[in-house]
Number of protein chains: 2
Amino acid sequence: MNKLVRNGLEPVPFTKVTIEDHFWAPRIRINREHTIPFQYQKCKETGRIDAFKLNWKPGMEPVPHIFWDSDVAKWIEAASYSLATHPDHDLERLLDEVIDLVASAQQPDGYLNIYFTVVEPEKRWTDLRDAHELYCAGHLIEAGVAHYAATGKRKLLDVVCRYADYIDTVFGPEENKKKGYCGHPEIELALVKLYRVTGEERYLKLSKFFVDERGKEPNYFEEEKKKYGPGYFEELFKTFGNLKEYNQSHKPVREQDKAVGHAVRAMYLYCAMADLAKETGDESLKIACERLWENVHKKNMYITGGIGSTAKHEGFTFDYDLPNETAYAETCAAIGLVFWNHRMLQLDCSGKYADALERALYNGVISGISLDGTKFFYENPLASLGNVHRKEWFDVSCCPPNLARLLASLGQYIYSQNEKEVAVHLYIQGSVNLDIQGKSILLKQKTNYPWDGNILIDLEMEQPSTFALKLRIPGWARQATVKINGEVFDIKQHLEKNYVKIERKWNNHDQVELVFPMPIERVYTNPNVRYNRNCVAIQRGPLVYCLEGADNPEPLYRISLPKNEVLHSHFDEQLLGGVVKITGKAVFYNDFDWDGELYRTSLPAPQQFEFTAIPYYAWDNRKPGQMLVWIPEI
Amino acid sequence: MNKLVRNGLEPVPFTKVTIEDHFWAPRIRINREHTIPFQYQKCKETGRIDAFKLNWKPGMEPVPHIFWDSDVAKWIEAASYSLATHPDHDLERLLDEVIDLVASAQQPDGYLNIYFTVVEPEKRWTDLRDAHELYCAGHLIEAGVAHYAATGKRKLLDVVCRYADYIDTVFGPEENKKKGYCGHPEIELALVKLYRVTGEERYLKLSKFFVDERGKEPNYFEEEKKKYGPGYFEELFKTFGNLKEYNQSHKPVREQDKAVGHAVRAMYLYCAMADLAKETGDESLKIACERLWENVHKKNMYITGGIGSTAKHEGFTFDYDLPNETAYAETCAAIGLVFWNHRMLQLDCSGKYADALERALYNGVISGISLDGTKFFYENPLASLGNVHRKEWFDVSCCPPNLARLLASLGQYIYSQNEKEVAVHLYIQGSVNLDIQGKSILLKQKTNYPWDGNILIDLEMEQPSTFALKLRIPGWARQATVKINGEVFDIKQHLEKNYVKIERKWNNHDQVELVFPMPIERVYTNPNVRYNRNCVAIQRGPLVYCLEGADNPEPLYRISLPKNEVLHSHFDEQLLGGVVKITGKAVFYNDFDWDGELYRTSLPAPQQFEFTAIPYYAWDNRKPGQMLVWIPEI
Ligand SMILES: [Zn+2]
Ligand SMILES: [Zn+2]
């Protein structure tokens, strides 16, 4: 109990949460019924599953890839989460099968990695920079933790504990151990999860070791290269400029203040830093996270919550460099942003973290998956000439199972609590079973969010209970009102970091009514972002909108939005599974007045038309066409 | 004589032209006094000159590069042109020395190429796609022709004739000869020059053979690769998409209608097509050129005359794809555009060709060289964040000597003539010695072009002479007036493809006065160019303007130009060697109202300031800073 109080809030696990709305519940159902089985199929047919049989021999095709273990691990994680909320015998049996197979690949010393067991066994631990060896271990550990939490079965958990124990004999501060860490952070956050579920301090210590070693000089990866020669991606990495920044080993993590390099790597590292700050009370890690948070969110984040501007190194470039057409904004990076903000939120219940989490979740994360749950974006640009479409799978297929595990465990992002407080971060219809000071309380949300901002919270309990209910006032909700049992509650007097804190003795069937008016908003970008000069984006509630070719004349880049046009919103249940669309008058610059000329000294007047904007996440679910978020405003 | 009449106009050689103005004459002097000696020095110190000694042995550094011959050849060409208008004993002796050295490298069979003589002698003619072998030959031929024309000395001409004769034994339609052609067109136009100076029909035939073979199926380069294995740039070229388009071998040239691939290659090919159309009267080549001209100039050309949008393959992408910051717009490509338009102009005396030539010349070509003549741009973007600066030399150093040879022979672009007509394409103060029907006529231009548009033409002759004087009315000159000996001449009645044709008996000291009012113009881009949405460029006369950090608050991308602000022009003799600068009121979007936020629902009002624009060509000649051509207009 003590730790909870000391360390702020804990997320309420998704197993205690139900989601019963029209927005997320269908997505979670599709994830369960289509995405998870579909991804198993893809893992199976591409050889990822069978690779754990370890019967690959030189000359055979395909050669197991260094990332493969992680794809299967994320699938196990997703399937486990799904099982936890929706028992399914077939899926459970299939999971057991896959887990048996994974377990069978474990070596006598505890080691468990396909590539370095069958393809290059002599190179174990010699290419930490490129080969994703500890990264794959991290995902296996997350899978083991998830499966145990979902089913109570220890098989995979025991396997990954043995693996982690073995890793602990290889890496560490002791003289005979390697001082290395993974080029792709991931195991650090996984070890904290393993520590939390097992209580074994040495996993926490190992995580801290990896995080603390990162960025020390002499640089481990440079020494490694001297000792073992060029890494797996040597040729590719030669084109990357600063490789130490690429994998965030350019400085000790506590000195980092600008998000650099590969965006997913950065997010997973920052997650681990936040985890360690929470578990060890290390203020310096929290401060580093806060500094990096400012840099990411105020200088390097798309309005969709996407991060990582360039495809080149899948990552950050320089501050305010946010091109739209060529935005990389990898789905995994937006998911990583959700993970990180979720952790920050437990350290410090501040609306800015929940706002960022919500921004990514409703825009740049779920844009990554088609409405039918079987096609995925790797990159999530904010403008398209019509050639960008989701795919069923990728050679490097990190994003699809990352989406699956996020959706299957979505419930965990909604609430946090400790013994004195319950925080509501997201407004999603459904309920949560809370346990406060030993008493069971059922909190129910009734809302049509994100289509409108009216939320009714109903509390059911056997006896009255005293605690603070902290309700997030979203950053976009500029005219929020709160009523308790029909009586207006003064928000301003009780606002803590954008959460309205209602501390009282609650009675059974007390009701809190939140009203967040959801006007259509025109959003502008800081003038340091040169790509969005004189452009506007449309946002309503948490949703960013876009123009799509299916609704508007192409090419979309010939459209401008007059400053003073009134915009209208309207729920269209036929459209894209039911969305609020936004309409209004825009103008289109024709080219037929131009006589084919390229440059002229007069600009023909544009033509008015009625435009339709749809939520960004829903684009590319109809006929292929162009897309545009930032619209020139005239 | 007959041919002249049949084939339109002939350029008046630069040896008959003097340039005595304040714009070009100083540039030509700097070219002579600084650029040409400086480039010799660079060729010398990098080993390019001495490589012709052929004493390279495996293991020695540097290894002669496959392009090196062409750099020296272009330097010889530039130095020869310079010599032709400005005798200089030291330069002449140096040229003789270099030419002796080049000649000494010729093999007994006539072959002359450094790389394939000393580095990979066994690979002669096995990598036409990549190795620039015929390209280097072409530049040597141009050098030989130039040196002979400038000095009357036959040494290098004889060398290149022997080389061309040898090449003619290797390539051709006969069964025992190769059906190949160069990956980089150049020799085709060079052979036409060689034909013109020697009268040897077989050089014309060989040029025609190369042009006609190009793009036939099966593709020569594909067959070559099957036979001899991967080319010199195999790895790089793997990243290029369509390699046949890259080197314009995707279709027979007469079927090509979209400019594709490497921009310099395209220009040199189109030059040869125009040359052959002129020399052989082949209408189909002229038609292909006209079709390609439309595509280049109306869908793929920057307002500066730059072409080739992407650094990736140094070339064209898709129609209307004209990004500014990442524009490649290689200096050589703009020079190639000048070459091509100059040739088109002799086929068809249409203002559109001279307009394009002038646009490139005054903007995207001379932007390539610093005001002091010793630093060069390879790429000529239309916007810079401050990190783009000219360099003294490049590993691949095609652009610097290309500028040198263009400037040293600039006089040839001003006039054309035949027995009945004299055309004035460019307005540059100076004179030309014309020979019309055996009579000598001196045409003098007095003008302050490009700073104003008043031109006084004075004709001196011993006896009256009847011919048509065709004076170009620039596309930008919308209010042109012409007076003959003080009397207004009706332009509209006598306009032929934007040339006013004055056909009369001319007397000694007849004067023609042209007045082209030169207002500051706001130029807009066809709405298909998505990068310039709601942006404006400033142009005055032939000059495109830009904002530069030295005169304006940075970052420049925070500047917008209000639609209705009046702009002012003013000649500033202290500025950048003397330029007309343009000033007016613009606005600057500050970021200090933003509290560090990235996205907001209101846009703070910008601040007014007085901006200064300078000619685009002159940028990056002061302290390093940002640059912007296309300014958002509000
Ligand atoms: Zn991914
Ligand atoms: Zn060049």
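Per chain, numbering begins at 1; letters A, B, ... match sequence-line order. The shown structure was predicted, so the numbers you read here are calculated from the model rather than taken from an experiment. What's counted below: heavy atoms across the whole structure, side chains too, no hydrogens, waters or symmetry copies.
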Exercise. So which bits of residues 531-538 of chain A come within less than 4.5 Å of chain B, counting non-hydrogen atoms only?
Worked result: A:Tyr531, A:Arg533, A:Asn534, A:Cys535
Seminar exercise, completed: Filtered by a 4.5 Å non-hydrogen cutoff, the part of residues 302-314 of chain A contacting chain B is A:Tyr302, A:Ile303
Exercise. Is it the backbone or the side chain of A:Leu385 that comes under 4.5 Å from a heavy atom of chain B, or both, or neither?
Worked result: side chain
Exercise. Looking at CG of A:Asn324 and CZ of B:Arg530, how far apart are the two atoms once the value is rounded to the nearest 0.5 Å?
Worked result: 11.5 Å
For this session: Check ring-ring contact (aromatic ring centres under 6.0 Å, His included) between A:Phe609 and all other residues, then give those that pass, not counting sequence neighbours.
Result: none
Problem set entry | Trace of the side chain to side chain contact (heavy atoms under 4.5 Å, CB included) decision for A:Tyr524 with B:Thr601 | CA-CA 6 Å; A:Tyr524 302 92; B:Thr601 53; 5.8 Å; no
Problem set entry | Shortest non-hydrogen contact between B:Asn528 and A:Arg558, atoms and distance | OD1-NH2, 2.7 Å
Exercise. How about residues 588-596 of chain A versus chain B: which residues have heavy atoms under 4.5 Å apart?
Worked result: A:Tyr589, A:Asn590, A:Asp591, A:Trp594, A:Gly596
Seminar exercise, completed: Counting heavy-atom pairs under 4.5 angstrom with chain B, the leader among A:Lys299, A:Gln539, A:Met301 is A:Met301
For this session: Pick one of side chain, backbone, both or neither for A:Pro555, based on which atoms fall under 4.5 Å of a heavy atom in chain B.
Result: side chain
Problem set entry | Contact winner vs chain A - B:Gly475, B:Ser602, B:Pro606, heavy-atom pairs under 4.5 Å | B:Ser602
Exercise. Hey, which of B:Asn300, B:Leu322, B:Thr525 has the most heavy atom pairs under 4.5 Å with chain A?
Worked result: B:Thr525
Exercise. Would A:Asn526 and B:Glu597 count as a side chain to side chain contact (heavy atoms under 4.5 Å, CB included) if you check the C-alpha gap in whole Å, the side-chain angles of each, and the deciding distance to 0.1 Å?
Worked result: CA-CA 7 Å; A:Asn526 186 301; B:Glu597 291 301 320; 5.9 Å; no
Problem set entry | Check against side chain to side chain contact (heavy atoms under 4.5 Å, CB included), A:Val529 and B:Tyr557 | CA-CA 8 Å; A:Val529 179; B:Tyr557 50 74; over 6 Å; no
Exercise. What part of A:Glu294 is in contact with chain B, defined as an atom under 4.5 angstrom from a non-hydrogen atom: side chain, backbone, both or neither?
Worked result: neither
For this session: Name the region of A:Ile634, side chain, backbone, both or neither, that has any atom closer than 4.5 Å to a heavy atom of chain B.
Result: side chain
